[in-house]
Amino acid sequence: STSRSLYCSVKVSISNIYGSLSMDFTSFASGVGSYTVVSGRADEGFISFVTDKSMPVRVIIGDKEYNISSVKHKAYRKDRKIKQTSKNTVRVAPGTQEVLVLHGKDTLYSKKLFVSASEHRIIEL
């Protein structure tokens, strides 16, 4: 009786070990737990300009110059996002930027500002 119970417990233990090894191998073979997810914010910021009426402006940031159009003030509200396009938005590296905005010979805006990664700054002219 004692040898039979010992035999049964050894058999159960071996079957449990075999089942565990089988499951671990199956999990390993199917790639479970080997996922890599990369996420984060874009490493650039955005600046758009708002005026009473849409007009062409020349934007100088550092040593780069951009010819874009401002967004009409009526189309912009604080609680509403501006659709960012290459015609109305400048992409900049994160950090402090010296921004100069000209319309013809007139200076509309001249200031240093800080732009965070993936931040969309809206400047009212």
Side-chain angles (χ1 to χ4, degrees):
S1 172
T2 306
S3 64
R4 179 157 171 82
S5 66
L6 180 63
Y7 171 76
C8 288
S9 78
V10 168
K11 184 177 178 184
V12 169
S13 295
I14 290 174
S15 111
N16 286 343
I17 291 171
Y18 175 75
S20 296
L21 288 176
S22 169
M23 282 179 47
D24 288 343
F25 180 75
T26 305
S27 297
F28 176 75
S30 66
V32 172
S34 62
Y35 296 100
T36 303
V37 178
V38 178
S39 65
R41 294 163 41 172
D43 196 24
E44 61 186 353
F46 309 92
I47 304 175
S48 296
F49 303 91
V50 176
T51 53
D52 289 333
K53 59 182 180 175
S54 183
M55 65 179 168
V57 292
R58 189 164 50 123
V59 179
I60 300 169
I61 300 175
D63 60 348
K64 295 183 180 178
E65 188 172 317
Y66 308 90
N67 291 307
I68 64 169
S69 294
S70 62
V71 176
K72 188 175 178 181
H73 193 280
K74 191 173 186 177
Y76 163 72
R77 290 188 220 129
K78 297 248 185 236
D79 59 337
R80 196 159 122 196
K81 292 184 178 183
I82 291 176
K83 182 178 179 183
Q84 299 174 21
T85 68
S86 60
K87 293 180 182 181
N88 69 7
T89 303
V90 177
R91 294 172 182 237
V92 296
T96 303
Q97 307 290 340
E98 181 73 41
V99 179
L100 176 64
V101 181
L102 304 167
H103 177 66
K105 293 182 181 180
D106 298 328
T107 301
L108 302 177
Y109 184 86
S110 178
K111 194 173 185 179
K112 275 188 179 182
L113 60 102
F114 183 83
V115 180
S116 299
S118 75
E119 177 184 13
H120 184 198
R121 294 288 296 260
I122 299 170
I123 298 173
E124 295 184 40
L125 302 174

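- In the hydrophobic clustering (ILVMFWY side chains linked at under 4.5 Å, chained through shared members), F114 stands by itself.
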Please tabulate, one pair per line, all N/O donor-acceptor pairs under 3.5 Å involving side-chain atoms of residues 93-104, not counting sequence neighbours.
unit_1 : atom_1 : unit_2 : atom_2 : d
Q97    : NE2    : A93    : O      : 2.7
H103   : ND1    : P56    : O      : 2.9

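- Taking CZ of F46 as the reference point, atom CD of E119 lies at 10.5 Å (rounded to 0.5 Å).
- Pairs of residues two or more places apart, or lying in two chains, that qualify as side-chain hydrogen bond (donor to acceptor under 3.5 Å, both in side chains) and include a residue from residues 57-71 are T51-S70, R58-E65.
- What you find for L125 and F49 is that their closest heavy atoms are CD1-CB, 3.8 Å.
- The salt bridge (Lys or Arg N to Asp or Glu O under 4.0 Å) contacts involving residues 85-95 comprise E44-R91, where partners must be two or more places apart or lie in separate chains.
- Neither Y109 nor I60 shares a network with the other; the hydrophobic side chains, linked directly or stepwise wherever heavy atoms of I, L, V, M, F, W or Y lie under 4.5 Å apart, form separate groups for each.
- Residue pairs satisfying the salt bridge (Lys or Arg N to Asp or Glu O under 4.0 Å) criterion with at least one member in residues 99-112, sequence neighbours excluded, are absent.
- Counting only heavy atoms from C-beta outward, the side chains of V59 and I47 never approach each other to under 4.5 Å.
- Here N88 contributes atom CG and I122 contributes atom CD1; the two are 9.5 Å apart, rounded to the nearest 0.5 Å.
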